[in-house]
There are 2 protein chains.
Amino acid sequence: MWVRDNNDMPGHLARRFQQIAVAVFHAEAEAAGYDLTPVQYAALAAISANPGIDQVTLAGLIAYDRTTITGVVDRLAQKGLIERQASSRDRRARELTITPEGSKTLEGITPAVEAAQQSMVRGLTAEETDDLMRLLRKAIAAGNELSRAPLRGMPMENDRKTS
Amino acid sequence: MWVRDNNDMPGHLARRFQQIAVAVFHAEAEAAGYDLTPVQYAALAAISANPGIDQVTLAGLIAYDRTTITGVVDRLAQKGLIERQASSRDRRARELTITPEGSKTLEGITPAVEAAQQSMVRGLTAEETDDLMRLLRKAIAAGNELSRAPLRGMPMENDRKTS
DNA sequence: CAACGCTTGACAGTATACTGATAATCAGCA
DNA sequence: TGCTGATTATCAGTATACTGTCAAGCGTTG
């Protein structure tokens, strides 16, 4: 029976590339003296850029599942990097804000994150890296709605007030 | 503080693309009436192509961690798709073989797997898909040793005997 | 042969991801 | 106002992945 070789399967290559990306991130972060996962870093950065954001909106910004974000936020809060407090406007929602220590961590780990992004494409030229990112963005855009955790932009401020 | 946009981060794009790839696989497999994960499929196919393979070699063939493969093999065996029996030559090793039902499943699910591979790059032309796979292969080759579960080829038969 | 290092498989513990369900709450509408 | 449907956060359960550790078995070497 004929089967496509693993190396011709986009799915296998996707898994493999992600596997390496995570390993590289961990290595760089640890070398810099930080104990943050790639997932936690993305969440922390998004909270820093959007103070008071609720969990569902945060999940949409970085394309996490809403059940996954619960654990990620838990761990960030436990490390003292963020704070979670009930919203006054909507008692269901928790407003997330970064703490001073969170800001310090975010700033300190940024060079390591940058190094990781470059390390995971070490085999490619700058031009090839641009091509790869362009193709990935295009494929992802076409498949965005296929996963349970699609990427969502920030809702317009006007929408919140008006609607 | 400046931070790279998510869409410029290879790591974020890698995670996102893999997320979509897994979702597409599940959707196609379920639509075809099968309950196999992408990881289980790859393991089953590799066992089918290499009867009597041990778990460590199998893990190397598909780039899984050796602790991850334990659970995958457990679930495949529990579903009756493979068999695990002690090796006569090396009592540490378990020889893995596919069962008739496993072969039937593998054959039956193949069209769905093929459909999934095409669906996850639905936004790209055939040429772009080739480019994407080429770039991924190149990046992966350069980073292969960076993860705990690098890809390993089958050991040469001669090596086993001679060594 | 006996001691050593290495390999194979497995386990505990942690961290994503997802499915499906639920309580609490909100918002629109009869 | 009271009902209904949607939304927010959470939980239970399953499946990757990885860290670190361990017992059993293998092979080489002194």
Side-chain angles (χ1 to χ4, degrees), chain A residues 15-16 18-27 30 35-43 53-60 62-79 84-96 146-150 155 160 162-163, chain B residues 15-16 18-27 30 35-43 53-60 62-79 84-96 146-150 152 155 160 163:
Chain A
R15 182 184 145 281
R16 201 72 191 87
Q18 214 257 331
Q19 193 175 38
I20 291 168
V22 171
V24 165
F25 188 103
H26 274 130
E30 189 179 354
D35 177 32
L36 264 196
T37 67
V39 162
Q40 288 166 14
Y41 164 79
I53 195 175
D54 67 287
Q55 292 186 188
V56 165
T57 309
L58 170 62
I62 48 187
Y64 291 6
D65 190 274
R66 68 183 188 288
T67 60
T68 300
I69 206 76
T70 301
V72 175
V73 164
D74 271 349
R75 286 180 282 275
L76 285 175
Q78 191 166 9
K79 291 179 184 176
R84 185 160 39 169
Q85 54 196 31
S87 165
S88 52
R89 285 178 315 176
D90 186 339
R91 272 186 300 169
R92 293 169 303 180
R94 311 298 186 87
E95 290 179 353
L96 307 176
L146 300 180
S147 81
R148 177 167 137 167
R160 284 200 199 157
T162 348
S163 120
Chain B
R15 182 184 145 281
R16 199 74 192 87
Q18 213 257 332
Q19 193 175 37
I20 291 168
V22 171
V24 164
F25 187 104
H26 275 131
E30 189 180 354
D35 177 32
L36 264 198
T37 66
V39 162
Q40 288 166 14
Y41 165 78
I53 195 174
D54 68 286
Q55 292 186 188
V56 166
T57 309
L58 170 63
I62 48 186
Y64 292 5
D65 190 275
R66 68 183 188 287
T67 60
T68 300
I69 205 76
T70 301
V72 175
V73 164
D74 271 350
R75 286 181 282 276
L76 286 175
Q78 191 167 8
K79 291 179 184 175
R84 185 161 38 170
Q85 54 196 30
S87 165
S88 52
R89 284 177 315 174
D90 185 339
R91 272 186 301 168
R92 293 169 303 179
R94 313 297 186 87
E95 290 180 352
L96 307 175
L146 300 180
S147 81
R148 176 167 139 168
R152 306 277 186 216
R160 285 200 200 156
S163 122

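Proteins get letters first, then strands, A, B, ... in listed order; numbering begins at 1 in each.
- One finds the CZ atom of Arg16(B) at 4.5 Å from the CD atom of Gln19(B) (value rounded to the nearest 0.5 Å).
- Arg94(B) has no side-chain polar atom (N or O) that falls below the 4.0 Å cut-off from OP1 or OP2 of dT8(C).
- Using modelled atom types, one finds no donor on one side chain facing an acceptor on the other under 3.5 Å when comparing Ser87(B) with Asp90(B).
- Under 3.5 Å, the side chains of Gln78(A) and Arg75(A) contain no donor-acceptor pair of N or O atoms.
- Residue Gln19(B) places none of its side-chain N or O atoms closer than 4.0 Å to OP1 or OP2 of dT16(C).
- For the side-chain contact (heavy atoms from CB on, under 4.5 Å) test, residues two or more places apart in sequence or in another chain that qualify with Val73(A) are Gln55(A), Leu58(A), Ile69(A), Ile82(A), Arg84(A), Leu96(A).
- Counting to the nearest Å, the P atom of dA15(D) and the NE2 atom of His26(B) are 9 Å from each other.
- When the P atom of dC18(C) is taken as reference, atom CG of Asp35(B) falls 17 Å away, rounded to whole Å.
- Remark: C1' of dA15(C) and OH of Tyr64(A) are 12 Å apart, rounded to the nearest angstrom.
- For the atom pair NE2 (His26(A)) and CG (Leu36(A)), the distance works out to 9.0 Å, reported to the nearest 0.5 Å.
- Nearest nucleotide to the side chain of Ala93(A), out of dC26(C), dA17(C), dA9(D): dA9(D).
- In terms of phosphate contacts, Gln18(B) brings no side-chain nitrogen or oxygen within less than 4.0 Å of OP1 or OP2 of dT16(C).
- With rounding to whole Å, Arg66(A) atom CZ is found 14 Å from dC11(D) atom P.
- Within the structure, every side-chain polar atom (N or O) of Arg91(B) is placed at least 4.0 Å from both OP1 and OP2 of dG9(C).
- Map Glu30(B) and Arg15(B) each onto its nearest nucleotide of DNA chain C; the residue landing nearer the 5' end is Arg15(B).
- A donor-acceptor pair under 3.5 Å links the side-chain atoms of Arg15(A) to the main chain of Ala63(B), judged by distance alone.
- Closest heavy-atom contact between Ala42(B) and Ile62(B): O-CG2, 4.0 Å.
- In this structure, CD in Glu95(A) is found 11.0 Å from CD1 in Ile53(A), a value given to the nearest 0.5 Å.
- Closest of all the heavy-atom pairs between Ala149(B) and Tyr64(B) is CB-C, 3.3 Å.
- Residue-level contact check: Ala23(A) touches neither bases nor backbone, having no heavy atom under 4.0 Å from any strand.
- For CG of Asp74(A), the number of neighbouring non-hydrogen atoms (other residues, nucleotides, ligands) closer than 6.0 Å is greater than 12.
- Distance, Arg89(B) CZ to dT8(C) P: 12 Å, rounded to whole Å.
- Residue Gln85(A) contributes atom CD, which lies 16 Å from atom C1' of dT8(D) at whole-angstrom precision.
- Checked against dT16(C), dC18(C), dT8(D), the side chain of Arg148(A) finds its nearest nucleotide in dC18(C).
- Where Thr37(B) and Arg84(A) meet DNA chain D, the nucleotide closest to each residue was compared, and Arg84(A) sits on the side nearer the 5' end.
- Between the P atom of dT8(C) and the CD1 atom of Ile53(B) lies a distance of 12 Å, rounded to the nearest Å.
- Protein atom CG of Leu146(A) is 12 Å distant from nucleotide atom P of dT19(C), rounded to whole Å.
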Write out a two-atom table: protein N or O, nucleotide N or O from nucleotides 2-7 of chain C, distance below 3.5 Å.
residue	atom	partner	partner atom	Å
dT7(C)	O2	Arg92(B)	NH1	2.5

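- Contacts of residues 67-77 of chain A with DNA chain D (heavy atom under 4.0 Å): Thr67(A), Thr70(A).
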